[in-house]
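A short worksheet on the structure shown next.
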Amino acid sequence: MLPMRKNIAEMAGYVPGFQPEGDGWIKLNTNENPYPPSPKVVEAILAEVGSDGGNLRKYPDAGSREARRAAAELYGVEPTWVIMANGSDELLNNLIRAFAGEGEEIAYVHPSYSYYATLAEIQGAHIRTFGLTDDYLVAGFPERYEGKLFFLTSPNAPLGFAFENSYIEELAQRCSGILVVDEAYIDFSSGSAIELVKSYENVVVTRTFSKSYSLAGMRLGLAVARPQVIDALDKIRDHYHLDRLALAAATAALRDQAYLRETVGKVCATRDWFTEELRQLGYRVAASHANYIFAEPADRNGKRVYDNLFVHKILVRYFSDPLLQHGVRISIGTREEMEKTLKVLIDLG
Ligand SMILES: *Cc1c(COP(=O)(O)O)cnc(C)c1O
């Protein structure tokens, strides 16, 4: 027998959304952005490679200083309040490592991003979940929550609604540990909990470049939090966690907000049009603040919709979870991709 830790031996491991090999798929299953990243990002990456790749000999800036400054400027905080990351998943992982020891409790809302549970299992932390009320508040959340971390995904994945900042503030007051607001999709919505970081020392906001910035392939995320939290996360991370190309991409992406607004605007317009079309087909679709919708067919059989789209090489996300099996999550692609998807759904009846 290998001397493996019991929790690792027994855990199942996270299953990411399917990445098909080969062409011809319309990929609406992992909330990628259908548009390319900013041309300035591409330029910055190419400039970093240079004509002979000479820069790549050298280690990257271990402190991600320029990218942190760009983020700090954008969010109106000091650079000491920002950390960059190799995808926001790295931050979620390191937050658990920093704040929840073996046997200590973390919590999150179910349904939301189930990767929090996988990361907690690796750490050997205890996992608690809270459901949602009919009006999308956290069900049964205690007056005082004593767990080490509470993860709040806002906008929620996969349902697409966003929590009000006043409610997030109330939750921050009720958490004796850290409240992590996972804002992976906030650029498709409005507002942000970053303002709350300024008044509540236990609030951490995480962001990703994978969705709104069209950079899932570069693996980039960031967090805004108090310097004490940032310092802890800095101790835990690999020192060269971001490569030179990722750092160049992050800085250029943050500095091109005009491009971000343009692509996000297109995605949101397509989302709102597609939502209306599906409603006319008899689907129940909640208003979405993200780049996906959760669509429930009249027969409440999500698997049937998933299978039929799959036959037409259209990939969406089906969750067998009892709370989600009555629908499918559909990422918003280009208008043309969504028109093709709509056509298959119309033929399906
Ligand atoms: C996509 C996603 C992430 C992960 O983002 P990466 O930066 O690609 O690691 C985190 N949280 C939620 C809710 C997501 O949907």
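Both backbone and side-chain heavy atoms feed into the values below; hydrogens, waters and symmetry mates do not. Whatever order the structure lists ligands and atoms in, that order sets their numbers, starting from 1.
- Side-chain contact check for Phe274 versus Glu339: every heavy-atom pair is 4.5 Å or farther apart.
- The aromatic rings of Tyr145 and Phe141 are tilted relative to each other, their planes meeting at an angle between 30° and 60°.
- Classified by interplanar angle (parallel below 30°, tilted 30° to 60°, perpendicular above 60°), the ring pair Tyr116/Tyr113 is perpendicular.
- Looking at Ile106 and Arg128, their side chains never come closer than 4.5 Å, going by heavy atoms from C-beta outward.
- For a heavy-atom separation below 4.0 Å, the residues in contact with ligand 1 are Gly87, Ser88, Asp89, Tyr113, Thr153, Asp182, Ala184, Tyr185, Thr208, Ser210, Lys211, Arg219, Leu220.
- Between Gln173 and Tyr200, the side chains place a donor N or O and an acceptor N or O closer than 3.5 Å (distance only, hydrogens not considered).
- Between Phe161 and Phe163, the ring-plane angle classifies as perpendicular under the 30° and 60° cut-offs.
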